[in-house]
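Heads up: the structure comes next, in structure tokens.
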Amino acid sequence: MLVYPSSIDLSSRTLHYLSARLHARRREVGTRWRRLPAGRQALLALAHLRCGDTYAQLAAGFRISIATVYRYIREVIDVLAALAPTLTEAMKTIRTKAFVILDGTLPPIDRIAADTPYYSGKHKRHGMNVQVLTDPSGRLLWASPALPGSAHDLTAARTHGIIEALAAAELKCWANQGAGHPVRVPFRGRCLKQWQRRHNSTHTKIRCLGEQAMATLKGWRLLRKLRCSTNRITAIVQAFLVLHHASA
């Protein structure tokens, strides 16, 4: 296999952060020797997560076996996922914001038609439902665990306790779907009054800021088509969240 130099559109701060976490992990487990130092393992994992490079491509580029690549990437994801904040922990930061934006995304997965729980009728494809909270500037604050794609956004928000947490904090929230206070939603229907149309226009302008967070997640090319076990997707999303906060 031919090998050539490439680049990753991430800052060196992200690489240094992940390398430090891996150094700490190796000290914790008492690792004496590895085929790759922590810095190279971090670079390998970022190439997979950010660029979507396959195990075979990484094995050839780093001159290690495919099995070693798999173990290294799995370790990195587990280390990062353990650092991801829970909703309760994230609320400490969220409470300092004027308001938040709640939106959902559906990372596609490779499932067949028989896997009904993972099929989203809204998006017409198989995927996993992930709810995201962003600040007024569109910065990603928190991402929920992944649910099967058939779950409705409102059902997912209730399942994760997002609505209750925002209500308890008396924090305003803009979303496309909601169940009353504190979530603000647009008016539905064709024959809307002028003030309702103005409200919807303002609502759209606010909610579009949340699309920046979606673009942040989709910048990690691995999320554009997940081919792993659905049990691993929550950890992958949490790893992206931690890396995003580390590079901010």
Side-chain angles (χ1 to χ4, degrees), residues 9-11 13-14 50 84-108 120 122-123 127-147 149 151-189 192 194-224 236-248:
D9 56 339
L10 291 171
S11 66
R13 180 189 303 176
T14 306
R50 187 69 175 183
T86 63
L87 179 58
T88 302
E89 294 169 342
M91 284 303 297
K92 297 177 182 178
T93 301
I94 293 173
R95 286 190 182 95
T96 64
K97 307 299 180 180
F99 63 88
V100 293
I101 303 166
L102 172 63
D103 204 352
T105 184
L106 191 88
S120 169
K122 175 182 177 181
H123 297 276
M128 299 293 286
N129 184 304
V130 177
Q131 297 297 302
V132 171
L133 286 173
T134 64
D135 67 9
S137 300
R139 183 174 183 271
L140 182 62
L141 297 174
W142 179 78
S144 74
L147 293 178
H152 191 275
D153 283 347
L154 181 55
T155 301
R158 286 171 169 167
T159 300
H160 300 308
I162 300 173
I163 306 298
E164 293 79 1
L166 294 175
E170 298 182 351
L171 189 64
K172 297 177 183 178
C173 174
W174 269 256
N176 193 41
Q177 303 285 343
H181 179 76
V183 180
R184 301 188 177 189
V185 297
F187 290 99
R188 305 293 183 182
L192 298 178
Q194 186 174 1
W195 70 269
Q196 291 174 324
R197 291 196 295 269
R198 288 199 302 266
H199 169 87
N200 285 359
S201 177
T202 302
H203 187 279
T204 300
K205 291 178 182 178
I206 293 175
R207 277 197 63 247
C208 71
L209 297 173
E211 294 299 324
Q212 297 180 26
M214 296 305 170
T216 297
L217 282 178
K218 293 173 183 177
W220 299 90
R221 293 173 182 82
L222 188 66
L223 271 187
R224 297 179 185 178
I236 292 173
V237 172
Q238 291 174 336
F240 292 153
L241 176 64
V242 172
L243 290 172
H244 170 67
H245 288 169
S247 60

Residues at least two apart in sequence or cross-chain that pass ring-ring contact (aromatic ring centres under 6.0 Å, His included) with Phe187, listed by chain then number, are Trp195, His199
State which residues pass ring-ring contact (aromatic ring centres under 6.0 Å, His included) with His152; sequence neighbours excluded, sorted by chain then number. none
Look up atom OG1 in Thr155 and atom CD in Gln131, then write down how far apart they are to the nearest 0.5 Å. 9.5 Å
Approximate separation, where rounding is to 0.5 Å, of Ser144 OG and Leu87 CG: 9.5 Å
For the residue pair [X] and [Y], establish whether any side-chain heavy-atom pair is separated by less than 4.5 Å.
X: Arg50; Y: Thr14; result: no
X: Ser137; Y: Leu209; result: no
X: Leu243; Y: Trp220; result: yes
X: Phe99; Y: Ile206; result: yes
X: Leu102; Y: Asp153; result: no
X: Lys218; Y: Thr105; result: yes
X: Leu140; Y: Phe240; result: no
X: His160; Y: Leu147; result: yes

Least distance between heavy atoms, [X] atom then [Y] atom:
X: Pro186; Y: Ala175; result: CD-O, 3.6 Å
X: Ile94; Y: Leu166; result: CG2-CD2, 4.4 Å
X: Arg139; Y: His245; result: NH2-CD2, 3.9 Å
X: Arg13; Y: Ala246; result: CD-O, 3.2 Å
X: Leu106; Y: Gly149; result: CD1-CA, 3.6 Å
X: Asp135; Y: Leu141; result: N-CD1, 3.6 Å

Are there over 12 heavy-atom neighbours, none belonging to Lys172, within less than 6.0 Å of that residue's NZ? no
Any donor and acceptor pair, going by atom type alone, linking the side chain of Thr96 with main-chain N or O of Lys92 inside 3.5 Å? no
Non-neighbouring partners of Arg197 that pass salt bridge (charged side-chain N to carboxylate O under 4.0 Å, His left out), sequence neighbours left out: none
By side chain to side chain contact (heavy atoms under 4.5 Å, CB included) - contacts of Ala146 (at least two apart): Met128, Val130, Ile233, Thr234
Residues in side chain to side chain contact (heavy atoms under 4.5 Å, CB included) contact with Ala169, at least two apart in sequence or another chain: Met91, Arg95, Leu171
Verify side chain to side chain contact (heavy atoms under 4.5 Å, CB included) between Val237 and Leu241, making sure each step is shown before the conclusion. CA-CA 6 Å; Val237 172; Leu241 176 64; 5.8 Å; no
Which one of Leu154, Asn176, Ile163 satisfies the side chain to side chain contact (heavy atoms under 4.5 Å, CB included) criterion with Val183? Ile163
Test: side-chain hydrogen bond (donor to acceptor under 3.5 Å, both in side chains). Region: residues 207-216. Which pairs qualify, not counting sequence neighbours? Asp103-Arg207
